[in-house]
There are 2 protein chains.
Amino acid sequence: MVPARRGDLFDPACPTRRLLDRVGTKWVAMIVKVLAEAGSPELGFAELERRIPGISHKMLSQTLRSLAADGLVDRRVEPSTPPRVHYRLTDLGRSLDEPLAALRDWAERHMGDIDDFAQRAPSG
Amino acid sequence: MVPARRGDLFDPACPTRRLLDRVGTKWVAMIVKVLAEAGSPELGFAELERRIPGISHKMLSQTLRSLAADGLVDRRVEPSTPPRVHYRLTDLGRSLDEPLAALRDWAERHMGDIDDFAQRAPSG
DNA sequence: CCAGCTGGTAACCAATAGTTACCTGATCAC
DNA sequence: GTGATCAGGTAACTATTGGTTACCAGCTGG
């Protein structure tokens, strides 16, 4: 196997590329935002679901587990009945919120421009 | 606070959400990077293809057209035979490189942490 | 007159996103 | 007791993407 050259985004084998793809999705962006901006340090599954309208049960579960597997969120099972699961950002996850916030911010700020442009030239 | 206000992002109908998803993909990130960091203001299709190893013919074409439709790149057809097509970032596209660079940078910087974490807890 | 160039695209296959329905298993209403 | 109900997860599917391959236009050069 070709050794993965971490720093080289231009190497197709570079894991950083895959990471970039995992981390740029809208659900990651939204989950991280919600967790980062929640009043409390952690949120329950149901609360996350409530705060992210439109996300499906499965995608939330799946995305959270992927984030947990990458060490971006911490998963805590409360031994109640039925058990409740709580998630919180790790330091690493919090650090991801910075570039993600910049991206969300860009999207919010320039949505209008893009919309206008698409209006004018709907050629696709 | 409860941000139903500028929480446009939290409305599933909000186009900013879709934009976020379009713009966070690895190919967009790489194309914008390549165009932003090219020596010349524009690059030909073939040159882009060469500079982004691993991208397929189709994905490059498709992504470029989507970027052009959003007004992020400019598409110029050189009337030669066969015609060559050149792409350059618009101002809007260049502005996107900033948050994208931050994200790429984060990915490069923290890839190691995530890798280490996954080693230790491969439960994911 | 056929091979070859460029960029695009149609046809197809593989991998995701998203939907629906169901599981667990303790508790409460009856 | 019976069973509806909670929370979170997941299996089974379908819809939508990503990605591969092969081909096209239409002029040029051998």
Side-chain angles (χ1 to χ4, degrees), chain A residues 10-15 17-31 34-35 40 42-70 73-88 123-124, chain B residues 11-15 17-31 34-35 42-70 73-88 123-124:
Chain A
F10 289 92
D11 179 354
C14 170
R17 250 202 202 181
R18 295 222 148 282
L19 176 60
L20 199 56
D21 221 29
R22 278 212 294 285
V23 129
T25 72
K26 74 179 166 225
W27 296 134
V28 170
M30 299 204 67
I31 291 174
V34 165
L35 284 173
S40 48
E42 64 178 26
L43 289 177
F45 185 92
E47 207 159 330
L48 278 165
E49 200 168 19
R50 237 184 15 255
R51 293 191 189 202
I52 307 177
I55 195 170
S56 72
H57 210 64
K58 178 184 125 180
M59 280 316 289
L60 182 55
S61 174
Q62 192 171 294
T63 309
L64 282 169
R65 288 176 100 74
S66 144
L67 289 175
D70 283 339
V73 305
D74 231 32
R75 187 170 178 277
R76 183 177 70 82
V77 180
E78 183 186 325
S80 58
T81 295
R84 277 149 210 235
V85 187
H86 302 261
Y87 295 90
R88 78 160 72 195
S123 46
Chain B
D11 178 357
C14 171
R17 251 201 199 181
R18 298 222 149 280
L19 176 59
L20 199 55
D21 219 30
R22 278 212 292 287
V23 129
T25 73
K26 74 179 166 225
W27 296 135
V28 169
M30 299 204 65
I31 290 174
V34 165
L35 284 173
E42 63 178 25
L43 289 178
F45 185 94
E47 207 159 330
L48 278 165
E49 200 168 20
R50 236 182 18 253
R51 293 192 190 202
I52 306 176
I55 195 170
S56 71
H57 209 63
K58 178 183 125 180
M59 280 316 290
L60 181 55
S61 175
Q62 192 171 292
T63 309
L64 281 169
R65 287 175 101 74
S66 144
L67 289 174
D70 283 341
V73 305
D74 232 32
R75 188 172 177 274
R76 182 177 70 81
V77 179
E78 183 187 324
S80 59
T81 295
R84 277 149 210 233
V85 187
H86 302 261
Y87 296 89
R88 78 160 70 196
S123 48

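For the numbers below, each heavy atom of this structure counts, side chains included, while hydrogens, waters and symmetry mates do not. Chain letters run A, B, ... following the sequence lines, proteins first and then strands; every chain starts at 1.
- The CZ atom of A:R51 lies 13.0 Å from the CD1 atom of A:I31; values are rounded to the nearest 0.5 Å.
- Out of C:dT9, D:dA7, C:dG18, the shortest distance to the side chain of A:S56 is found at C:dG18.
- Straight-line distance from the CZ atom of B:R50 to the C1' atom of C:dG7: 15 Å, rounded to whole Å.
- Rounded to an integer number of Å, the gap from CG of B:L64 to P of C:dT6 is 16 Å.
- Within the 4.0 angstrom heavy-atom criterion, only backbone atoms of the sugar-phosphate kind lie near A:R75; the bases stay farther away.
- D:dT20 atom C1' lies 12 Å from atom NE2 of B:H57, rounded to whole Å.
- Looking at the side chain of A:K26, the nearest of the listed nucleotides D:dT10, D:dG19, C:dG18 is C:dG18.
- Between the CG atom in A:D70 and the CZ atom in A:R65 there is a gap of 13.5 Å [rounded to 0.5 Å].
- Residue B:F45 places its side chain closer to C:dG7 than to any other of D:dG18, C:dG7, C:dT19.
- Closest to the B:A46 side chain, of the nucleotides C:dG18, C:dG7, D:dC6, is C:dG7.
- Between A:R84 atom CZ and C:dG25 atom P the separation is 18 Å, expressed in whole Å.
- For the helix from C:dC1-D:dG30 to C:dC30-D:dG1, the axis fitted to the five pairs at one end and the axis fitted to the five pairs at the other end meet at an angle of 30° (nearest 10 degrees).
- B:I31 places its CD1 atom 14 Å from the P atom of C:dG7, with the value rounded to the nearest Å.
- One atom, CD of B:Q62, and another, P of C:dA11, lie 15 Å apart when rounded to the nearest Å.
- Look at CD1 on B:I55: it is 10 Å from P on D:dT20, rounded to the nearest Å.
- If you find the closest nucleotide of DNA chain C to A:T81 and to A:M59, the one lying nearer the 5' end belongs to A:M59.
- In this structure, the nucleotide among D:dG19, D:dG9, C:dA17 sitting nearest to the side chain of A:K58 is C:dA17.
- No option in A:R75, A:R76, A:E42 other than A:E42 meets the side chain to side chain contact (heavy atoms under 4.5 Å, CB included) test with A:R88.
- Rounded to an integer number of Å, the gap from B:W27 CH2 to C:dA15 P is 16 Å.
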